[in-house]
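We name chains A, B, ... by the order of the sequence lines, and we start the count at 1 in each one. As a basis for the values below, the full set of heavy atoms in this structure was taken, side chains included, without hydrogen atoms, waters or symmetry mates.
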Amino acid sequence: MTDVVVVGAGIVGAACAYYAARAGLSVTVLDRGPVAGGTSSAGEGNLLVSDKPPGPELGLMLESLRLWRELGTALGPDAIELEPKGGLVVAATSADLDATYRLAERHRDAGVEAVEIPAHRLTAREPRLSTDLAGGVWYPQDAQVQPMLTAARLLRASGATVHCGAEVVRIEPGAPLRVHTSGGQRFAADAVVNAAGTWGGEVAARAGVRLPIAPRRGFVLVTEPLGGRRAAAPIRHKVYAADYMSTVSSDDAGLQVSAVVESTRAGTVLIGASRERVGFAAGFPVPVLRRLAAQAIVLFPFLAEVAAIRAYRGFRPYTPDHLPAIGPDPRVRGLYHAAGHEGAGIGLAPATGALIAAQITGEPPPVDPKPFRPERFA
Amino acid sequence: MTFSIRFDDRNVPSAPGQTVAAALWAAGERSWRTTRDRGAPRGLFCGIGVCFDCIVTIDGVPNQRACLVPTRPGMVVRTQPGVGH
């Protein structure tokens with residue numbers, strides 16, 4: 001018997017385990033694969049406020065940022081490669097720049113730091129940037145972590161019992177709930193948290209309920225190393241094109257590509273981001289990779305001379321209203337969902353975990369849980 | 001019909017179709033770059049283009065995989081320290 005079973009050892013499951021354990025609960029984590037083996041290992045580790053218009057998701061992110069600072073202190077910033085590098089949104093045209101400035105104004109009203117950067121001052125902040133841009137907005141709160149390391153560190157710090165290779169085949173209602181795995185194990189728990197990300201709909205179905213989470217495919221290109229601990233990275237901040245936000249919030253199932261470029265501590269440059277709803281389609285379509293590369297070169301012309309050495313693919317957990325499902329499921333007593341964060345799961349993980357822990361223990365929630373209620377899809 | 005390529009300050013013989021890594025190995029060379037953090041020597045590891053451990057500067061272009069690039073007469077191969085850029 002354990003107080004909580006968390007299904008999913010990705011960043012969200014790890015954060016749920018961490019905050020539940022800190023609230024005094026005993027926690028068991030189950031995952032059919034390894035730690036951070038799904039979407040957590042297929043992104044860039046973004047902690048972004050800049051790409052979230054004012055609303056419930058931004059509120060959740062601002063609370064998360066506060067918790068990320070705490071986690072940086074608790075786990076050690078180097079242990080999770082926490083880099084408060086800041087984000088720079090750049091506009092190619094004056095029309096794009098007007099829209100970017102208008103959003104910055106709304107961001108400031110919502111408590112986000114957003115500084116307008118005119119064209120002639122862009123390269124002072126980001127020296128290798130193209131000189132053909134109209135201007136940008138600097139978001140000092142944007143940051144980055146290494147998500148696989150972070151999930152592992154959170155799990156270790158939680159003290160939770162972690163079973164990898166344990167696929168949940170059935171969640172049996174009752175008090176306690178009984179979780180059955182493919183290996184024939186059974187775990188009894190008062191609360192079960194579905195933190196299965198893109199596969200959260202499948203796990204919900206194994207508890208007999210429907211949760212509409214669909215995969216939204218994306219690719220990231222990785223360059224040859226250009227920096228390291230002894231050489232400065234050529235790109236200082238997270239830099240992305242102003243049209244990125246409209247591709248994130250789009251409901252179009254077709255391919256959308258917008259440039260997102262940043263260095264990592266390992267010295268490589270990561271180039272995203274593509275979005276398309278094509279199910280769990282495998283394959284590496286070269287035209288998509290080519291568009292990613294071409295758009296990155298528009299922002300950073302020097303990348304034309306740099307080799308991309310690999311690419312990776314991931315499936316973001318997409319919900320119909322682009323908001324995660326977080327909270328108790330009124331249809332199955334004791335079942336909670338913490339899934340469907342689309343491309344923002346790394347950033348939103350701490351506040352998600354803290355909210356779930358508060359809901360399980362009956363403490364006041366750190367943010368208004370209403371916009372995230374899972375039953376809104378019923 | 002062998003020819004020579006240049007490796008740092010010496011000439012290395014090569015046969016047509018040989019890769020840079022094969023020519024360097026045949027000449028007794030085992031390392032041709034140093035790691036970017038600790039400066040440790042590196043050479044051939046996987047030998048099939050996957051691991052990027054054998055990267056080297058060829059004709060002024062850094063980060064070329066020695067295990068994949070065929071030699072050409074007059075080619076200049078230089079030991080690559082760190083990132084090479």
Side-chain angles (χ1 to χ4, degrees), chain A residues 41 76-81 83 85 123 126-130 146 149 219-236 239 261-271 282-284 286 289 293 296-297 299-313, chain B residues 5-8 14 17-25 29-72 74-85:
Chain A
S41 59
D78 288 336
I80 58 175
E81 296 188 9
E83 298 200 53
K85 56 166 57 175
T123 51
E126 192 60 65
R128 309 292 293 271
L129 205 54
S130 162
Q146 211 283 19
L149 264 180
F219 294 95
V220 175
L221 274 179
V222 186
T223 71
E224 58 192 325
L226 301 174
R229 264 170 276 178
R230 300 204 299 194
I235 296 172
R236 296 179 181 175
V239 179
V261 187
E262 65 210 291
S263 295
T264 66
R265 191 168 289 189
T268 56
V269 173
L270 304 182
I271 298 171
F284 272 87
V286 172
L289 304 182
I297 290 167
L299 296 189
F300 289 101
F302 83 95
L303 288 175
E305 304 302 321
V306 170
I309 61 171
R310 60 194 174 89
Y312 54 87
R313 174 186 56 223
Chain B
I5 64 170
R6 191 80 180 161
F7 174 58
D8 291 340
S14 179
Q18 217 173 11
T19 64
V20 170
L24 292 177
W25 262 52
E29 299 293 344
R30 291 290 182 274
S31 71
W32 45 82
R33 80 167 173 105
T34 55
T35 60
R36 54 192 192 277
D37 287 335
R38 299 205 170 92
R42 287 290 186 276
L44 204 58
F45 182 62
C46 80
I48 55 172
V50 175
C51 74
F52 284 76
D53 223 24
C54 69
I55 53 177
V56 68
T57 299
I58 299 175
D59 291 335
V61 181
N63 296 327
Q64 304 298 298
R65 283 168 285 181
C67 69
L68 293 188
V69 178
T71 55
R72 276 177 288 97
M75 177 180 264
V76 177
V77 178
R78 293 230 170 271
T79 291
Q80 179 178 321
V83 296
H85 277 275

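At distances below 3.5 Å, not a single donor-acceptor pair connects side-chain atoms of Arg310(A) with backbone N or O atoms of Val50(B).
Annotation: Phe302(A), atom CZ; neighbour count of heavy atoms from other residues, nucleotides and ligands within 6.0 Å is above 12.
Taking all atoms of both residues into account, the shortest heavy-atom contact from Val83(B) to Leu226(A) is CG1-C, 3.6 Å. Residues Glu224(A) and Pro62(B) come closest through the heavy atom pair OE1-O, 4.1 Å.
Under the rule for a side-chain contact (heavy atoms from CB on, under 4.5 Å), the partners of Asp78(A) that lie at least two apart in sequence or sit in another chain are Arg265(A).
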